[in-house]
Structure formats: C-alpha cells, structure tokens
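Taking it in order: structure first as structure tokens, then the write-up.
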Protein chains: 2
Amino acid sequence: MSKDAALDLPSLERGARETVGQWVYRSLRAAVMIGRIPPGQPLTIRGIAEALGVSTMPVREALRRLSAEQALEIRDSRRVLVPHMTPARFRELCELRIALETHAAERALPYITPARIEELAAIDRGIDEAHAAGDQERATILNQEFHRAIYTANPHQISLSLVESVWLQLGPFVRLALSRLREHYKIDRHSEALAAMRRQDAFALRIAIEADIRDGIAHVGTSELLTAYVGSGGKRMATVG
Amino acid sequence: MSKDAALDLPSLERGARETVGQWVYRSLRAAVMIGRIPPGQPLTIRGIAEALGVSTMPVREALRRLSAEQALEIRDSRRVLVPHMTPARFRELCELRIALETHAAERALPYITPARIEELAAIDRGIDEAHAAGDQERATILNQEFHRAIYTANPHQISLSLVESVWLQLGPFVRLALSRLREHYKIDRHSEALAAMRRQDAFALRIAIEADIRDGIAHVGTSELLTAYVGSGGKRMATVG
DNA sequence: CCTGCAGCAATGTGATCACATTGAAAAAAG
DNA sequence: CTTTTTTCAATGTGATCACATTGCTGCAGG
C-alpha cells in the first residue's frame, strides 16, 4: 500500500556481495542522513518492505540497527520514527560532536602522513567545487568524508562509529542547515586544520575542528532552525523556546 | 546441541511487559558486560536460541543490536563473536571513556541537586560494602550505576548510550581487571567527585572522573592484562588460559 | 606425509505464516 | 452534540521453513 506515500528512499545500487539486509540498512541510513525522512513520521516495517521490494525480515533488522545507533527512536508502542529535535537536544548533539571529534582528531594526528594530507586537500577541493555548483547535498557528504579521513588515519580508531551515530542524529536537520547556506562568508576551517596537521600541532587542530563544527551547524543556532521543525510536528512540545 | 557448551548465560527474570527479544538482548548484554563470554568464541544463533529456550528470531535481533553497539563483531563470514583485545585498542577505549565521560559529567553538573548527591553517596556506600564483601561483580555494577546517575542528571542527556557502548567494549575484560584487585590503596575518587559536585566545580569534577577511570582500568595497563588475553588468542585462539 | 578436492554438516539469510497488541474509526449511550 | 464503548484494520513479534554459503572432514592423489 502506498498510502503512506512520500516515502521516497534513495535507490542505492545493490552490491554484488551484499546481503539484502545490508542494502536495506544502507538505503535507510542514507535517507536519514540527508534528511529524507521527516521527523515524527512513523516508519512501518511493511511499508518500507513494500517500498523497497523486499520482505519484512531485512527491514526489521535494519530498523533495529538504526535504532541501536540512535538514528531512530522506538516508542513504547513499538512504533519506530525519526526522533524529534529540541533546541536543548540540538545543543547537546553539537557539543557532543565537538568533544568526540576533537578527541578523535587528536588521537589520529600522530598518524597523519603527507600522503593523507594530500588526500584531505583533494576532498576539500571537491567540497569547494560542490559548493560552487550549488550541490549542497554532495558538499555534506564530502565534508563527512573529510572528517572521516582524518579520524581513520589512526589505525586503532574506535570512535568513528560513535561519531557517525551523532552525525546520524543530526542528519534529519542538515537539510535545514543547508537551506540557509551562509557559506559565503565562512572561513575555511579545513585549511586551518590541514595547516595544523602539517605542523603536527594538536592544539591548533582541536581548535580548527571545533571551529569547523560550530561554523557548520551551530551557527544556525537554536533560534529559527528548530522552531520551524519542532513547531510543526510537535507532539507534546507545544512551543519550544 | 550443547556441544558448544560453556555458554552459560545469566538467567535474568523475564519482565511481564517485556518482549522476548528485549529479554534475550538483556541476557546477552549482561553476559558480555561481566565477561561471561570469552573473546573469540563464535556465537551461533541456534546455539543461543537453544540455550535460552527461544526461537532464532529474537536472538538474531539481539545479536544485530549488540553488534551495532560495538559489543560484538561481525566477521565477513557473518560469524559473530566477542572482539579480541589488543593493547592499542585497550588504550583507545580508556582514552575514549575519559573524553566521553568527562564531557558528560561536565554537562550534567549544572543539574546536580543535593538530592542527587545524596543518591550518589548512597551508591558509593554500596560499592564499599560490595568491596568489603569481596563481591567484585556487584561492585562493578554499582560503579556503573554511580557514573550513570551522574550523567543522567542532565535532562537532555544523549551521550549515555555512547558511554555504555564503550563500557560494553571494555566489558569482557573487567573480569581481568577485577582479578587484580588493587583496590586497597586506591584513593576514593568518588568522594572527590562528590565534593566537586557540591561546589559545582566543573574542572575538579573532570579531574576526579578522569582519575577514577584511570584508577579503575588504566592502572592494569597494557602490560600483563592483555598479554594474557591477546597472547593466547592471536588469530583464532588455540587454547584460552 | 603433505596437499588439493569433493562432499557434508552447520550456519546465516530471507520469506511466509499465525498471533497479540495497538490505534483509530464507527457505533451506541448520555 | 459530546462522550464512552465496541469493533476492526494495521502493525509488530515470534515461529518455522527453504535455500545459499561457509567451513570442516575425510578421501584421493602427489
């Protein structure tokens, strides 16, 4: 039944060596990450299964996994949905991102090689191109890739999965952040980060990462961004801030 | 088939309003948390299902969830097992714990009330009792409860799930840490933390939390603790001491 | 005695079915 | 017309089955 409608999931290519469950997971994850699924809209197993043309089994496991990653919320009625955002939660997520990612960056720094820096610079150029082309979605993906490329330099990396969990929780709202692209007068924090890495300067790297995160999301603030969202689909939150 | 043997899962009580899946999850989680399942031992769906007297369905979802929480590792062969530990990974986990928990504590501090401090003090007394009684397992549980009670004071708490993920990853080795109980000459960091909270002193609280974590786990170091475990199970672990 | 290779048991994956619970629409009572 | 009750479709949960893949075991060939 397509009565739910509006559930347009990105049709990713199904890897040859990939199970159906993994494919469903990737599809759903990508949808959440770019804000394709509006918060509050209930996700039904059968609905998703039909939309993707698979049985319910792989969907159940994908939903379960996304829930474990805090990307989705399981209400006590066992209904699954994209969590609502509140100003306070948004603030907590930003601060948590900063705490986690500055830590991850610092731990990765000793393993950053000139080759890695060159890769990072290449990604950064790609981001500029995406911005120039007005492709905000691609810029977001590449920005994540930039950060990921830093943290994974650490061969003993373990915090990436936690970082990605936070990204997922912020995901439904990047769309909002992007719509107000004030990217014009944004200082290029990535350049600062690259410079810090070249000098092996841990402190400067932390500063750069924190500034980059704040520029990217925190500047939208809790003011307009959230009232738009929270106000619309509020269940128990009449008027926030 | 009980040929796998040794798979003694704690028999938790099944909540009335609890689904089988949740119960299986709790059981498995508790087993991992207290190091009941040796790393490297493959966990089979049917084996666990039989051990718990349920069908395979709830077990599949529980394993999937634990894997998403990094408590279990899914090999490319789709075999699920408790991850191996290495000195480097252990170090990363400890440092990540510190970064996460000092952050969580600081964010919770403004919400710490005298009532909450009294609760914390009560838990701390319980820990002392458990230590006195030689019940290390209970002391561990209560210690986690102590930390959890701090972080959840923040009504907008979101980092607890990440913290618990790290606890889970360290879980299989608390048994080791406990066996070398050098608790005798351990300074009571919890008291320091309590004092810091009474004064609303964020910096002192961070210091106390970090010291508590280091005392609790890091002091065992990467020396003896891990060689015992890692050494034995290089790849597929011939014989586990 | 060691090395491939074939066959088989074990395991994970996905589909389908039955059942209990939930949520909401419809009907009855005030 | 409002409120309560009843009923029923929709949904999540758990069990069972069929199938493909994995990995081991034993056998044959070197």
Side-chain angles (χ1 to χ4, degrees), chain A residues 1-7 9 12 14-28 37 40-68 71-82 233 235-236, chain B residues 1-7 9 12 14-28 37 40-68 71-82 233 235-238:
Chain A
M1 64 214 68
S2 56
K3 69 169 169 50
D4 282 306
L7 185 53
L9 301 174
L12 279 60
R14 163 87 181 283
R17 185 125 189 87
E18 191 179 39
T19 68
V20 179
Q22 291 168 336
W23 175 69
V24 172
Y25 167 75
R26 281 199 307 121
S27 302
L28 246 42
I37 304 174
Q41 171 180 333
L43 295 173
T44 69
I45 294 177
R46 288 178 174 86
I48 298 170
E50 189 158 350
L52 264 54
V54 299
S55 89
T56 61
M57 277 291 323
V59 177
R60 287 164 68 169
E61 308 218 325
L63 287 181
R64 194 73 65 172
R65 180 168 171 190
L66 263 332
S67 304
L72 299 176
E73 178 188 348
I74 303 183
R75 290 280 239 270
D76 51 358
S77 64
R78 279 149 204 183
R79 185 154 276 174
V80 173
L81 39 77
V82 176
K235 172 118 187 198
R236 51 196 56 212
Chain B
M1 66 216 60
S2 56
K3 69 170 169 47
D4 282 304
L7 186 52
L9 301 174
L12 279 60
R14 163 90 178 282
R17 186 131 188 82
E18 191 178 39
T19 68
V20 179
Q22 290 167 336
W23 174 70
V24 172
Y25 167 75
R26 282 199 306 120
S27 302
L28 246 41
I37 305 174
Q41 169 179 333
L43 294 173
T44 69
I45 294 177
R46 288 177 173 86
I48 298 170
E50 188 158 351
L52 263 55
V54 299
S55 89
T56 61
M57 277 291 322
V59 177
R60 286 164 69 169
E61 309 218 325
L63 288 181
R64 195 72 66 171
R65 180 168 171 192
L66 264 332
S67 303
L72 300 176
E73 178 187 348
I74 303 184
R75 291 282 240 269
D76 52 358
S77 64
R78 280 151 204 180
R79 183 154 276 176
V80 174
L81 40 78
V82 176
K235 180 80 170 226
R236 46 198 54 210
M237 178 164 310

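Scope of the values below: all heavy atoms of this structure, side chains included, with no hydrogens, waters or symmetry mates. A note on names: the letters A, B, ... follow the listed sequences, proteins ahead of strands, and every chain is numbered from 1.
- Between the CG atom of A:L43 and the P atom of D:dA10 there is a distance of 18 Å, given to the nearest Å.
- Contact check, A:T19 against C:dG12: no side-chain N or O comes under 4.0 Å of OP1 or OP2.
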Polar atom pairs (N or O), protein with nucleotides 20-23 of chain D, under 3.5 Å:
{"unit_1": "D:dT22", "atom_1": "OP1", "unit_2": "A:R17", "atom_2": "NH2", "d": "2.1"}
{"unit_1": "D:dG23", "atom_1": "OP1", "unit_2": "B:S77", "atom_2": "OG", "d": "3.3"}

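- Within the 4.5 Å cutoff, side-chain heavy atoms of B:L63 are placed close to those of B:I48.
- Straight-line distance from the CD1 atom of A:I48 to the P atom of C:dG14: 16 Å, rounded to whole Å.
- The nearest whole Å value for the distance from the CZ atom in A:R75 to the P atom in D:dA10 is 22 Å.
- Nucleotide C:dG14 holds its C1' atom 14 Å from the CG atom of A:L52, rounded to whole Å.
- Between the C1' atom of D:dA15 and the CD atom of B:E50 lies a distance of 15 Å, rounded to the nearest Å.
- Nearest heavy-atom pair, A:R17 versus A:Q22, reported as atom, atom and distance to 0.1 Å: O-OE1, 4.4 Å.
- Among B:T44, B:V54, B:L43, B:V20, the one residue that satisfies the side chain to side chain contact (heavy atoms under 4.5 Å, CB included) test with B:V59 is B:V54.
- Residues A:V82 and A:Q41 form no side-chain contact, since every pair of their non-hydrogen atoms from C-beta on lies 4.5 Å or further apart.
- Taking both residues in full, the closest heavy atoms of A:W23 and A:L12 are given as NE1-O, 3.0 Å, listed atom of the first, atom of the second, then distance.
- The structure places CD1 of B:I45 at 6.5 Å from OG1 of B:T56, a figure rounded to the nearest 0.5 Å.
- Closest approach of B:L52 and B:S27 over heavy atoms only: CD2-CB, 4.4 Å.
- Atom CD in B:Q22 sits roughly 14 Å away from atom P in C:dT21 (whole-Å rounding).
- Looking at residues 55-63 of chain B, you'll see B:S55, B:T56, B:M57, B:P58 sit with a heavy atom under 4.0 Å from some atom of DNA chain D.
- In this structure the side chain of B:R26 reaches within 4.5 angstrom of the side chain of B:E18, judged on heavy atoms.
- For the pair A:M57/B:M57, a side-chain contact is recorded, criterion being any heavy-atom separation below 4.5 Å from C-beta on.
- Per the geometry, CD1 belonging to A:I45 stands 15 Å off P belonging to C:dG14, to the nearest Å.
- Distance B:R46 CZ to D:dT16 P: 12 Å, rounded to the nearest Å.
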